[in-house]
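Contents: one structure, followed by commentary.
Every number for a ligand or one of its atoms is a count from 1 in the order of the listing.
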Amino acid sequence: MKRLNSTFFDTLHYRLPKGPSTEKLRSMALARDINLLYSGVSEFGISLDETTSEADLTDLLLLVAECIGADVPELNLQAPCQLPEQLKRTSGFMKQEVFHKYRSETEMMRYVKRLERKDMSLAHSMISLGSCTMKLNAASEMFAISWPEFAGLHPFAPLDQARGYHEMMVELRADLAEITGLADVSLQPNSGASGEYSGLMVIRAWHESRGEGHRDIALIPASAHGTNPASAVMAGLKVVVVKCDARGNIDLVDMREKAEAHKDHLACIMVTYPSTHGVFEASIQELCQVIHDNGGQVYMDGANMNAQVGLTSPGIIGADVCHLNLHKTFAIPHGGGGPGVGPIAVAAHLVDFLPGHPVIDNKRPAMFTVSAAPWGSAGVLPITYGYIKMMGGEGLTYATKMAILNANYLASELKADYGVLYDGERGRVAHELILDCRHLKTSSGISELDIAKRLMDYGFHAPTLSFPVHGTLMVEPTESESLSELDRFVEAMRSIRREIAEVESGAADKTDNVLKNAPHPEQVVSADIWNHLYGREKAAFPLPWVRENKFWLTVGRVDDAYGDRNLVCTCDPIESYQ
Ligand SMILES: *Cc1c(COP(=O)(O)O)cnc(C)c1O
């Protein structure tokens with residue numbers, strides 16, 4: 001039997017000799033509970049990994065020998081390594097002490113715990129990062145992902161061996177279609193940004209199917225998330241920026257002008273709703289109509305779905321495609337680079353253009369693929385499934401109302417001290433708000449950055465900094481936070497405002513003050529030497545309740561983007577190469 005790949009790491013590719021077909025091999029393998037990868041009538045692949053045992057290898061030898069009518073060869077585990085010389089690594093790697101220091105489980109556990117203690121997380125306090133929807137990831141929702149039935153399945157497992165998984169995904173797609181008011185959903189994209197790219201590719205494929213493949217202009221409002229223009233360019237579109245007005249809304253006049261000027265080449269608009277300015281734009285339906293009238297499609301960025309679920313939907317406003325961030329609105333944990341899921345939902349006319357996957361579906365040759373695995377990050381889908389099923393329609397709608405109520409509560413409590421940059425026609429925000437800090441910089445020299453750093457001394461993670469508007473903080477409490485936690489945040493922000501007032505009045509120094517020096521790490525506060533014009537207690541325990549749940553930082557202020565722009569070489573000195 002012929003092996004077709006001359007070099008290999010963990011996957012072998014064979015052609016069967018004349019006679020037996022892959023169909024015969026498949027049925028014999030299935031009888032032994034073995035899955036191989038089959039292609040065409042005579043080729044198959046075997047993938048091995050660290051879980052493959054000697055007994056598995058013997059089973060494989062028996063299977064193939066019987067199938068092709070050959071003698072069973074002896075298992076030879078001493079076979080020479082087949083990697084070509086030029087691919088073998090000659091340099092050392094992972095030589096740093098940390099990779100060798102922790103040699104027992106006890107030591108490893110303490111090391112990992114030590115790292116964990118440096119991390120300010122949702123287990124300490126509210127993380128009010130605007131646009132990120134840092135909501136509760138309930139234990140009951142996450143329970144199932146560690147079950148081997150979900151965690152141990154290969155993404156290319158034959159469909160009939162994964163019927164339960166598929167039942168869950170079919171239901172989930174139907175639920176997400178209902179929530180978005182659209183016709184069907186693809187679970188393949190692995191992030192919101194990947195969803196944007198996929199959705200735009202769907203729009204392109206649809207235009208092409210109508211003989212309008214030349215449509216390549218994407219209108220994007222100035223308030224958009226940075227991933228929007230980046231995805232548009234990756235999808236081969238040209239970006240035309242639409243202005244926003246003084247209230248933060250898309251400038252409809254400018255949008256209409258641009259849509260009409262480009263009407264022969266307009267592919268789509270990418271619009272976030274509610275906007276990244278945290279406002280439900282009342283003109284959203286009119287906006288969608290203008291785009292449709294000029295031959296374009298509406299891509300709705302669904303990162304802010306937490307303000308819509310159960311109350312309105314992309315379908316109601318007139319969008320054709322939207323992505324959802326299951327790792328924002330739908331309870332999958334994020335922050336720290338875990339697997340994301342950015343499914344796209346599309347209207348009926350676009351269903352045929354959804355991404356496909358050649359391994360599981362070769363009936364639609366025109367389809368494209370955006371993820372190596374057919375259902376993307378399928379391993380974390382049980383979290384969203386659990387979230388939707390346990391909340392139910394009423395629960396999800398209630399959560400949306402609470403998310404909006406919480407944001408409006410913070411807006412009304414903090415308006416007087418900071419100012420809320422944008423609100424809607426009725427003076428309300430959506431599920432998040434932008435606190436204006438620019439006037440404080442003028443009056444005191446204290447910036448939004450100093451406020452963000454100072455919040456750490458109070459035990460809070462910073463809100464979103466200078467996005468989407470420079471000099472501001474964007475706060476999104478989510479429905480998960482209780483009134484008492486919101487009140488703690490309000491108290492901290494008011495206390496910080498009083499600290500700023502001390503600088504304004506001259507009672508505190510312009511540079512040596514609690515804000516400019518924040519955050520205050522443990523070693524600094526407890527050191528024998530303290531050279532500041534204010535006391536240690538004010539630095540570390542600015543409010544009485546901080547004592548109860550003090551989060552001690554391990555480092556002081558890191559100078560923002562300085563480190564990104566001034567690279568430091570940590571390589572070994574040149575002498576070490578002698
Ligand atoms: C988070 C976000 C995205 C990108 O989603 P990722 O999953 O991080 O790729 C896009 N648009 C908006 C408005 C967002 O908040």
Side-chain angles (χ1 to χ4, degrees), residues 127-135 137 176 180 185-201 218-235 239 241-242 244 248-250 268-281 284 298-309 314 317 319 321-345 370-371 376-377 380-381 383-384 403 407 422 429-434 463-469 472-478:
I127 298 184
S128 63
L129 283 167
S131 211
C132 295
T133 313
M134 304 299 284
K135 64 168 70 183
N137 314 119
L176 294 175
T180 53
V185 170
S186 164
L187 298 171
Q188 199 177 91
N190 281 316
S191 70
S194 163
E196 291 168 24
Y197 171 76
S198 312
L200 295 174
M201 292 297 283
L219 299 185
I220 302 184
S223 59
H225 194 268
T227 50
N228 288 188
S231 302
V233 170
M234 273 182 69
V239 175
V241 177
V242 176
C244 287
N249 295 327
I250 295 174
C268 63
I269 191 167
M270 295 183 84
V271 59
T272 307
Y273 183 72
S275 74
T276 43
H277 288 160
V279 176
F280 286 106
E281 287 178 47
I284 187 75
V298 175
Y299 182 95
M300 197 206 84
D301 180 328
N304 292 342
M305 260 318 270
N306 214 41
Q308 286 195 49
V309 179
I317 68 165
V321 193
C322 78
H323 78 256
L324 302 170
N325 303 63
L326 299 193
H327 46 287
K328 291 179 179 170
T329 314
F330 295 94
I332 294 176
H334 73 302
V341 190
I344 50 171
V370 289
S371 164
S377 313
V380 288
L381 293 177
I383 303 173
T384 294
Y422 298 121
V429 298
H431 66 312
E432 60 192 359
L433 58 137
I434 298 179
T464 294
L465 186 74
S466 283
F467 171 84
V469 181
T472 65
L473 295 170
M474 183 157 64
V475 179
E476 179 183 3
T478 84

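- Judged by distance alone, with hydrogens and angles left aside, the side-chain atoms of D301 form a donor-acceptor pair with the main-chain N or O of A303 at under 3.5 Å.
- L324 and M305 make their closest contact through CD2-CG, 3.3 Å (heavy atoms, listed as atom of the first residue, atom of the second, distance).
- Side-chain N/O atoms of N306 and T133 include no donor and acceptor closer than 3.5 Å.
- Residues T329 and K135 share a closest heavy-atom pair of O-NZ, 2.7 Å.
- Contact shell of ligand 1 (protein heavy atoms, cutoff 4.0 Å): S131, S191, G192, A193, E196, H225, T227, T276, D301, A303, N325, H327, K328.
- Between the side chains of Q188 and S371, no donor N or O sits under 3.5 Å from an acceptor N or O.
- Considering only heavy atoms from C-beta on, H277 comes within 4.5 Å of P468 through its side chain.
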